Amino acid sequence: MYKYNQMLKLSAAIILTMSLIACSNDSVNTDSKEVKKQTHELTTKKTPTTIENYKNITVAQGEFNLGKIATEEEISGWHIEVSHGHNLPTGSGTAADGEELYDEKCASCHGSFGEGVGRNPVLAGGEGTLEDTLKPERTVGSYWPYASTLIDYTHRAMPFPSAQSLSWDETWSLSAYVLYLNDIIEDEEFVFSAESYHEIKMPNEEGFIFKDKKADTNNTRCMTNCKDPSTITVKTALLGYGSGAEDVVEETAIEKGHEIGQKIYDATCRLCHGNGLAGAPKVDDTLTWEKRLEQGIGKVYKHAIDGFQGQYGVMPPKGGNMELTDEEVNAAVDYMLKDIK
Amino acid sequence: MSDEKSIIDKLAINQLISDKPKSSTEISRRKFLGKAAAVSTVVASGSVAANNLPPNVPAWQKTLGKPVNSNPYGQPSKYEADVKRLRVPWLTPDSIASISFTPLAEIKGMISPNGLAFERDHGGLPTIDPKQHRLMIHGLVDKPIILTMEDIERFPTVSRIHFIECPANSAMEWKGPQVGRLQFTHGMTNCCEWTGVPLKYILAEVGIKPEGKWLLAEGADSAAMSRSIPMEKALDDTLVVFGQNGEALRPEQGYPLRLLTPGWEGNTSIKWLRRLEVTAEPSYQREETSKYTDLIAPRDESRKDLVGKAYMFSWIMEAKAIITFPCPEKPLKDHGKYVINGLAWTGTGKIKHVDVSLDGGVTWKEAELNGLVLDKCWTRFSLPFEWNGEEILMQSRATGEDGYVQPTIEQLREARGVSSIYHNNSIHTWKVSKKGEVESVQV
């Protein structure tokens, strides 16, 4: 996997060909007929270079001087990635800390044991299945090469409806818990942090090959008698297009009431209303819902369709899924309130 | 018979006079039932004939049209309402981290119109105020900077036409044919004219330290979508793009700013680009480890030790050609002469040849390449043929200028097994029935 780097290191310098006219479909005006291809060593700052063919404006390479200098403070807020062995964040956490958080923020999609709900990603299990040619299971434990990716992604993009909301302590704790679900961290009190990061080795770290530019198939451009016609067998649709299509929101009619409501709820609403994220009342929070219903079901429908800024949180219009019709949103509301109304 | 005809006429007329677009539910149901849709089209076009064909003067010629600029941002004709992107709802767990497919059967030319270009969003579609959007470039640089959109547009710009293809295009077909429409088998691709700044100019501005060999590119969406890009590609043909087909990028394509890595896996062209960090090593992001890697199970004895291993950084989208007419959405009707049309592209350069087979790959004929043949760009091809009602197994096969020939699905399975997800660029087969219907099959 380091092959690429090695190749680059062999290059004495990165040579940049500043040839605006080299590309056939460029839209840049090339007024000057005497355009010289400029070469420039990128790593050397402020080597004077002219881009003569750009509207006769002479500028020095690297001296457009556009933008402003990024301050350390500005960078710190955006510099979020966690790489294997680099930029490991401060803070720490244990699997024991992570369990409660996981149940609250993750389990509704990923399942209590990381088994995945619906088609949401499976986080745990699958150990030793990668060589199963028909049903390999690619989970954090069985497939991911580095724990840094788990830490990075948990903080970067999870929980799905509220990215970058977890503190680094919470991120370490949840990452430790997901590794615990995979038996990679065995002691639930193990303190996961920048100091202990390198004690964790992912089982599939060595499982990746850098795919270089060489193709792995070698078809030839045969034109006649390319195969024996009698060997041709025609394989038609595995399951037809219908594979699961009956289950889809777009296919179902509103008359099916709660059945469609449930599907919409699962696809769009459950993320927040299943576990109370972003200030959303949980679906089983009877007291809160009863209070809202006092304003009339019409108002609840309206807020679900148009969105609503509440005291505790924000309801995005149609739960953020603008593909839904008003009727479909109402069906989801009906489903959510079926035991309360 | 006459009763039947008048009922059909009424249905068709009702359909034509109805200004109201069909509900999305109705349309999607029709789309799924390809054959039904095809039949209803025939009925409609057959019966319009009555009043508007010669010798009658068409109704729309006998009255004035709408005032100029009635629709300040132009829209397609209402008769094109069915031409749109579609989702495969069961493909993704929700409609936010999901994908929409380009209706390839309806594309007229080598450009995907902005409203029809497929999109893959990993954390939904953000609504970004360009005045508050910033591109930060930092890391192993001499001078970390923050650029506004106005700053970026002051750099020298270029316009180039390139395809983008999601590496998951045709991913559902590894084990066998599954999604019976061209839009779903091959629609995770688009091709636009992109306008922006060569990334090398911006990198020259900040000064790359000698140990800076990689870039981390990151989006401003909820997924903070991120990929590691090697410096070699960044300094080659990578662009920082703000224009798409002559207007600002569409939100679905990364408004106001995206990266464009021509010919590479679609998601390396990070949308809503907010940050570029120069690094010494790849950052091993989720979308280049857990996803967008290719688990392989070679069948060849000499490569058996690779079973269970996975390719990482398989960036290049290899050559692919697909017949867009006929296809399941566009069957043949009467016997007689037709022109087979299609699109081909390769991430390694220009398309050199496209060959078409009508007998499942026994014999091939070279198709003509139509219009422009550009680097890493959709290329049109066509081949005239005559259909007399026989069954056909129709295939197309692209060859790149590098000599690489598009593989069969069996060759891909030999190399990688059936449980890979990405990079299925196999030769595709349409089976044309004696009735002219087209079915997606494998041979």
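Below, chain A is the first sequence line, B the second, and so on; all start at residue 1. All heavy atoms count here, side chains included; hydrogens, waters and symmetry mates do not. Note that the structure is a prediction, hence the values are computed from the model and not measured.
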> Highest number of heavy-atom pairs under 4.5 Å with chain B: which of Leu150(A), Thr233(A), Ile75(A)?
Replying inline: Ile75(A)
> chain A heavy atoms under 4.5 Å from Lys291(B): which part of the residue, side chain, backbone, both or neither?
Replying inline: neither
> Say you draw a straight line from CZ of Phe208(A) to OG1 of Thr293(B); how long is it, rounded to the nearest 0.5 Å?
Replying inline: 4.5 Å
> Could Arg221(A) and Asp355(B) be called an ion pair, given the rule that one side-chain N must be under 4.0 Å from one carboxylate O?
Replying inline: yes
> Top residue by heavy-atom pair count (under 4.5 Å) with chain A, among Ile146(B), Asp402(B), Val441(B), Asp151(B)?
Replying inline: Ile146(B)
> Among Arg303(B), Glu287(B), Glu173(B), Met136(B), which residue forms the greatest number of heavy-atom pairs with chain A at distances under 4.5 Å?
Replying inline: Met136(B)
> Where is the tightest heavy-atom contact between Phe160(A) and Gly123(B), given as atom of each residue plus distance?
Replying inline: CE1-CA, 4.4 Å
> With chain A, which of Arg134(B), His122(B), Glu150(B), Glu193(B) has the greatest number of heavy-atom pairs at distances under 4.5 Å?
Replying inline: Arg134(B)
> How far does CZ of Arg413(B) sit from OG1 of Thr133(A), to the nearest 0.5 angstrom?
Replying inline: 12.5 Å
> By a 4.5 Å heavy-atom criterion (distance strictly below it), what part of Glu439(B) contacts chain A: side chain, backbone, both, or neither?
Replying inline: side chain
>> With a 4.5 angstrom heavy-atom cut-off, is it the side chain or the backbone of Lys431(B) that approaches chain A, or both, or neither?
In response: side chain
> Under a 4.5 Å heavy-atom cut-off, does chain A meet the side chain of Glu318(B), its backbone, both or neither?
Replying inline: side chain
>> Would you say that more than 12 heavy atoms from the other residues, nucleotides or ligands in this model lie under 6.0 Å from the NZ of Lys352(B), or not?
In response: no
> Taking C-beta and beyond as the side chain, do Pro136(A) and Leu295(B) meet within less than 4.5 Å on heavy atoms?
Replying inline: yes
> By a 4.5 Å heavy-atom criterion (distance strictly below it), what part of Glu288(B) contacts chain A: side chain, backbone, both, or neither?
Replying inline: neither
> What is the distance from atom OG1 of Thr399(B) to atom CG of Asn219(A), rounded to the nearest 0.5 Å?
Replying inline: 8.0 Å
>> For Ser419(B) versus Lys135(A), what's the shortest heavy-atom pair and its separation?
In response: OG-N, 4.4 Å
> With only heavy atoms counted, which part of Asp152(A) is less than 4.5 Å from chain B, the side chain, the backbone, both or neither?
Replying inline: side chain
> Quick one: what part of Thr71(A) sits under 4.5 Å from any heavy atom of chain B, side chain, backbone, both or neither?
Replying inline: neither
> Hey, does the Lys NZ or Arg CZ of Arg119(A) hover above the aromatic six-ring of Trp90(B), less than 6.0 Å from the centre and inside 45° of the axis?
Replying inline: no
>> Need one label for Ile316(B): side chain, backbone, both or neither, based on atoms under 4.5 Å from any heavy atom in chain A.
In response: side chain
>> Tell me if the CG atom of Asp228(A) is crowded by more than 12 foreign heavy atoms within 6.0 Å.
In response: yes
> Tell me, do Lys235(A) and Val443(B) make a side-chain contact under 4.5 Å, heavy atoms counted?
Replying inline: no
>> Tell me which of these, Asp237(B), Asp359(B), Leu91(B), Thr408(B), has more heavy-atom pairs under 4.5 Å with chain A than the rest.
In response: Leu91(B)
>> Please classify the contact of Leu412(B) with chain A as side chain, backbone, both or neither, using a heavy-atom distance under 4.5 Å.
In response: both
>> Please rank Cys377(B), Gly124(B), Pro298(B), Ser314(B) by heavy-atom pairs under 4.5 Å with chain A and give me the top one.
In response: Ser314(B)
> Is it true that Glu81(A) and Arg275(B) make a salt bridge, defined as a side-chain N closer than 4.0 Å to a carboxylate O?
Replying inline: yes
> Where on Val82(A) is there a heavy atom nearer than 4.5 Å to chain B: the side chain, the backbone, both, or neither?
Replying inline: backbone
> What are the two closest non-hydrogen atoms of Thr224(A) and Thr363(B), and how far apart are they?
Replying inline: CA-CG2, 4.2 Å
> Among Ala157(A), Cys222(A), Gly116(A), who wins on heavy-atom pairs under 4.5 Å with chain B?
Replying inline: Cys222(A)
> Charged N to carboxylate O under 4.0 angstrom, Arg156(A) versus Glu218(B)?
Replying inline: yes
>> Can you tell me how the ring of Phe64(A) sits relative to the ring of Phe155(B), calling it parallel under 30°, perpendicular over 60° and tilted otherwise?
In response: tilted
> Given side chains that start at C-beta, do those of Lys68(A) and Thr148(B) come closer than 4.5 Å, heavy atoms only?
Replying inline: no
> Quick one: what part of Asp221(B) sits under 4.5 Å from any heavy atom of chain A, side chain, backbone, both or neither?
Replying inline: neither
> Can you name the closest pair of heavy atoms from Asp294(B) and Tyr143(A) and give their distance?
Replying inline: N-OH, 4.2 Å
> Heavy-atom distance under 4.5 Å to chain A: side chain of Leu393(B), backbone, both or neither?
Replying inline: side chain
> Out of curiosity, Glu277(B) CD to His79(A) NE2, how far, rounded to the nearest 0.5 Å?
Replying inline: 3.5 Å
>> Between Ser290(B) and Trp144(A), is there a side-chain donor-acceptor contact under 3.5 Å, judged purely by atom types and distance?
In response: yes
> Measuring heavy-atom distances to chain A, does Leu372(B) have an atom under 4.5 Å in its side chain, in its backbone, in both, or in neither?
Replying inline: neither
> Can you name the closest pair of heavy atoms from Ile232(A) and Gly360(B) and give their distance?
Replying inline: CD1-O, 3.8 Å
> Could you give the distance from CZ (Arg416(B)) to CG (Asp216(A)), rounded to the nearest 0.5 Å?
Replying inline: 4.0 Å
> In terms of heavy-atom proximity below 4.5 Å to chain A, should Arg397(B) be classed as side chain, backbone, both, or neither?
Replying inline: side chain
>> What part of Gln164(A) gets within 4.5 angstrom of chain B, counting heavy atoms only: side chain, backbone, both, or neither?
In response: side chain
> Do Leu66(A) and Ile152(B) touch side chain to side chain, with heavy atoms closer than 4.5 Å?
Replying inline: no
> Can you tell me how far the OH atom of Tyr284(B) sits from the OG1 atom of Thr149(A), to the nearest 0.5 Å?
Replying inline: 9.5 Å
> Do the non-hydrogen side-chain atoms of Lys143(B) and Asn65(A) ever get within less than 4.5 Å of each other?
Replying inline: yes
> What residue in Ser357(B), Pro407(B), Ala415(B), Ala297(B) has the most heavy-atom pairs under 4.5 Å with chain A?
Replying inline: Pro407(B)
> Taking C-beta and beyond as the side chain, do Arg274(B) and Trp78(A) meet within less than 4.5 Å on heavy atoms?
Replying inline: yes
>> I'd like to check Met312(B) versus Pro145(A) (side-chain heavy atoms, cut-off strictly below 4.5 Å). Are they in contact?
In response: yes
>> Going by salt bridge (Lys or Arg N to Asp or Glu O under 4.0 Å), name the residues that satisfy it together with Lys227(A), two or more places apart in sequence or in a different chain.
In response: none
>> Need one label for Ser420(B): side chain, backbone, both or neither, based on atoms under 4.5 Å from any heavy atom in chain A.
In response: backbone
> Hey, is the main chain of Val234(A) close enough, under 3.5 Å, to the side chain of Gln442(B) for a donor-acceptor pair?
Replying inline: no
